[in-house]
Amino acid sequence: MKNEIESQIYSRVATISRKNIIIFECIKQEYLIDLYIAMLSKINLNLLFILLSVCAIANAQSLDQARKFYNEGNFEAAKPVFEKYIKISPKDPSYNHWYGVCLYETGNIGEAEKYIKFAASRKVQEAYRYLGELYFKTYRFDEAAEAYNSYIKLLTKKKANTEAFEEKLDLAEKANRMLENTEDIQIIDSIIVDKDSFLSAYKLSPESGEIQYFEDFFESDEIIEDIVYLNQRGDKAFYSNKNGDKGYDIFTLNKNLDGWADEQQLSGSVNSNFNEKYPFVMPDGVTLYFASDKDGSLGGYDLYVTRYNNNNNTYLNPEQLGMPFNSPYNDYLMVIDEVKGVGWFASDRFQEDGKVVIYTFIPNDSKVTVESEDPEYKRKRAMISSIEDSWKAQSDYNELRKKARTAAVRIEKKKDFTFVVNDQIIYHTISEFKDEGARNLFTKQQQAKESLSSLSKQLLKAREAYSKGNTSQKAHLKESILQMEENQEQLISEVHKLEIQARNAEIKSLQKK
């Protein structure tokens, strides 16, 4: 009896359109026919058809709403509706494309592939574009290039602009070359942490400097997703900050006797018209690692390295790091601790929103590439699908891993004073002076500073007494204040002169060595 009723309803729906057949199949899933049979004694087939018609209209509106969500980029809301329709009509190219894109955009890349691939096989134009992106994010760069090529050809036939996708094609081909030269690096650990607290995984030794969150260093209420790197001596800071409407640039601060000086922007070879962030400087004071999302980056932020050229006080053109350090996702904050013999970098590859993975690796003295005839093995090494794949046979990484995870105790050095010799050398104790003449000059300078400090206190008291005294007292203090002011100027000049003489003598002595 149920089959007979279904046939009657089906024939009436089919006279309207194929779309209604699909809607009817959806209604069947909701067991409305079973409901009718249960109520057969109370209603008739015409009444049921009215009910089905109303439901058909509702389902049509549901599909239209899902397409509206899709066009607005609300893929999460559109996904369950397209999922229902793909079950009813699994060979429909449009449903496959829409549902596949919803899966892709909501993070289910693996499941999305078969639907988008089916839509592309049925010549759905936009499926080629998404197929290119999907292949790119899963490190199948040669297949991504093929998909972009097909998409460009379709756009060309319609005389549409292809420039953006030609750039994607070039990037896919570049990524494929990078994959072939994946560095054979030993990755000994990986820790997934909250992005907001990712610095907790970086356990630097004091000799390698210090990393702080931007808002902590600057004691700012403004939250900026970046860090401040302080060198070992704590007198030089590197960080990125907003540069008007241009984005983020990397700046530096130098600390002198009076505190932090005005910030200086790094040269144009480092900063671009895009965003440069997450700086780290090696103890040599020359090698700078940073992240940038500029043209040529594989995806989001990529890692770059450059070196300071002392001859012209600028930085060399940055080099983009290869795989596995860089990926089609965001990669940033490369840090190398020469004391511990390890390095770290952060990546959000294959991570859910709000999470990042911090990889710990053993830096190579020179670049060594992965040697294998198996392209799938190279792809896995580039992706870091398993850190064990990078381990050397019969190697025990437990001790090194433990050291990398342990925070080093920072022992504060005794600081009697702060004397800047040059950009790389600062003294805090008298024993650090290498030249005896420079040491004697600095000792005289310190004595003159003490005399200046004592005189300044006397002058302050005399001025206070002058302001409160009567006419006779003011007349008596006037000569004394004028003499002290003259002596103060002489001492200031002497302190400055002795400091320069001591610095020049020490630098001259160091240059001889």
Side-chain angles (χ1 to χ4, degrees), residues 167 170-171 173-183 185 202 208-209 211 214 224-231 236-244 246-254 263-338 343-349 359 361 363-369 382 423:
E167 291 176 359
D170 291 342
L171 193 60
E173 292 172 342
K174 173 184 176 180
N176 198 43
R177 293 191 296 271
M178 291 175 69
L179 186 144
E180 288 299 316
N181 291 290
T182 297
E183 185 168 353
I185 204 82
Y202 288 78
S208 297
I211 304 173
F214 182 94
I224 292 181
E225 289 187 2
D226 199 20
I227 56 92
V228 175
Y229 168 73
L230 283 167
N231 65 358
K236 199 173 186 71
F238 290 82
Y239 59 96
S240 74
N241 203 354
K242 293 178 182 176
N243 186 9
K246 180 175 169 289
Y248 285 85
D249 281 345
I250 296 178
F251 295 84
T252 185
L253 285 175
N254 289 302
E263 67 178 13
Q264 295 179 341
Q265 185 178 357
L266 296 194
S267 66
S269 58
V270 174
N271 293 313
S272 68
N273 291 324
F274 295 84
N275 296 298
E276 279 69 44
K277 303 177 76 173
Y278 303 103
F280 172 78
V281 181
M282 294 288 290
D284 61 11
V286 172
T287 307
L288 166 69
Y289 290 97
F290 66 96
S292 176
D293 61 356
K294 60 185 172 182
D295 283 340
S297 295
L298 296 181
Y301 284 96
D302 268 16
L303 289 161
Y304 291 82
V305 63
T306 182
R307 289 168 181 80
Y308 189 71
N309 187 343
N310 287 298
N311 293 327
N312 55 14
N313 296 322
T314 187
Y315 285 89
L316 303 174
N317 288 329
E319 298 175 18
Q320 185 178 19
L321 299 189
M323 297 179 187
F325 301 113
N326 282 323
S327 72
Y329 301 83
N330 290 298
D331 305 287
Y332 50 95
L333 193 52
M334 169 72 79
V335 170
I336 295 177
D337 191 323
E338 292 178 320
W344 299 266
F345 68 98
S347 179
D348 62 9
R349 65 186 75 181
Y359 293 106
F361 66 97
N364 288 329
D365 293 331
S366 58
K367 183 176 178 179
V368 181
T369 58
D423 290 341

Query raised in the report: Looking only at atom types and distance, does a side-chain atom of Ser240 sit under 3.5 Å from a main-chain N or O of Tyr248, one as donor and one as acceptor?
Result: no
Requested in this report: Considering non-hydrogen atoms only, spot the tightest contact between Asn181 and Arg177 and give its length.
Outcome: ND2-O, 3.0 Å
Query - Ring centroid separation Phe290 to Tyr278 under 6.0 Å - result: no
Query raised in the report: Has the side chain of Tyr202 got a donor or acceptor atom that lies under 3.5 Å from a matching backbone atom of Leu333?
Result: yes
Query raised in the report: At what distance, to the nearest 0.5 angstrom, does OH of Tyr289 lie from CZ of Phe280?
Result: 8.5 Å
**Report entry** Among Met334, Gln320, Glu319, the one residue meeting side-chain contact (heavy atoms from CB on, under 4.5 Å) with Leu303
**Finding:** Met334
Query raised in the report: Hey, mind stepping through Leu171 and Leu298 against side chain to side chain contact (heavy atoms under 4.5 Å, CB included) and telling me if it holds?
Result: CA-CA 7 Å; Leu171 193 60; Leu298 296 181; 4.1 Å; yes
Requested in this report: Would you check if the side chain of Ser297 reaches a backbone N or O of Ser292 as a donor-acceptor pair within less than 3.5 Å?
Outcome: yes
Query - Shortest non-hydrogen contact between Ser269 and Thr314, atoms and distance - result: OG-OG1, 4.2 Å
Query - Heavy-atom pair with the smallest gap, counting every atom of Val228 and Ala237 - result: CG1-CB, 4.0 Å
Query raised in the report: Hey, does the side chain of Asn330 reach the backbone of Tyr301 with a donor-acceptor pair shorter than 3.5 angstrom?
Result: yes
Query raised in the report: Can we call the ring centroids of Phe325 and Phe361 under 6.0 Å apart?
Result: yes
Query raised in the report: Heavy-atom distance under 4.5 Å between the side chains of Glu167 and Asp295, does that happen here?
Result: no
Report summary line: Between the CZ atom in Phe274 and the CG atom in Asp293, the distance rounded to the nearest 0.5 Å is 7.0 Å
Query raised in the report: Roughly how far, to the nearest 0.5 Å, is CG of Asn231 from CZ of Phe238?
Result: 7.5 Å
Query raised in the report: If only atom types and distance count, is the side chain of Tyr308 paired as donor or acceptor with the main-chain N or O of Gly285 below 3.5 Å?
Result: no
Report task. Evaluate whether atom CD of Glu263 has more than 12 neighbouring non-hydrogen atoms of other residues, nucleotides or ligands under 6.0 angstrom away. Result -> yes
Query raised in the report: Any side-chain donor paired with an acceptor under 3.5 Å for Ser347 and Asp331?
Result: yes
Report task. Apply side-chain contact (heavy atoms from CB on, under 4.5 Å) to Asp249 and list each qualifying residue two or more places apart in sequence or on a separate chain. Result -> Asn243, Lys246, Phe251, Gln265, Asn271, Glu276
Query - Distance, nearest 0.5 Å, that separates CD of Glu183 from CE of Met178 - result: 11.0 Å
Query raised in the report: If you look at every heavy atom in Asp226 and Tyr239, which pair is closest and at what distance?
Result: OD2-C, 4.1 Å
Report task. To the nearest 0.5 angstrom, please state how far the CG atom of Asn176 sits from the CD atom of Glu180. Result -> 6.0 Å
Report task. Measure the NZ-CG distance between Lys277 and Asn241 for me, rounded to the nearest 0.5 Å. Result -> 10.0 Å
Requested in this report: Look only at the side chain of Tyr304 and the backbone of Leu288, and say whether a donor-acceptor pair between them is shorter than 3.5 Å.
Outcome: no
**Report entry** Under 3.5 Å: donor-acceptor pair, side chain of Asn309, backbone of Leu316
**Finding:** no
Query - Verdict with reasoning, Asp302 to Leu321, per side chain to side chain contact (heavy atoms under 4.5 Å, CB included) - result: CA-CA 8 Å; Asp302 268 16; Leu321 299 189; over 6 Å; no
Query raised in the report: Is there a donor-acceptor pair closer than 3.5 Å between any side-chain N or O of Asn275 and the backbone N or O of Gly247?
Result: no
Report task. Heavy atoms only: give me the nearest Val281-Val286 pair and the separation to one decimal. Result -> CG1-N, 4.4 Å
Requested in this report: State, to 0.1 Å, how close Pro324 and Ile185 come at their nearest heavy-atom pair, and which atoms those are.
Outcome: CG-CG2, 3.8 Å
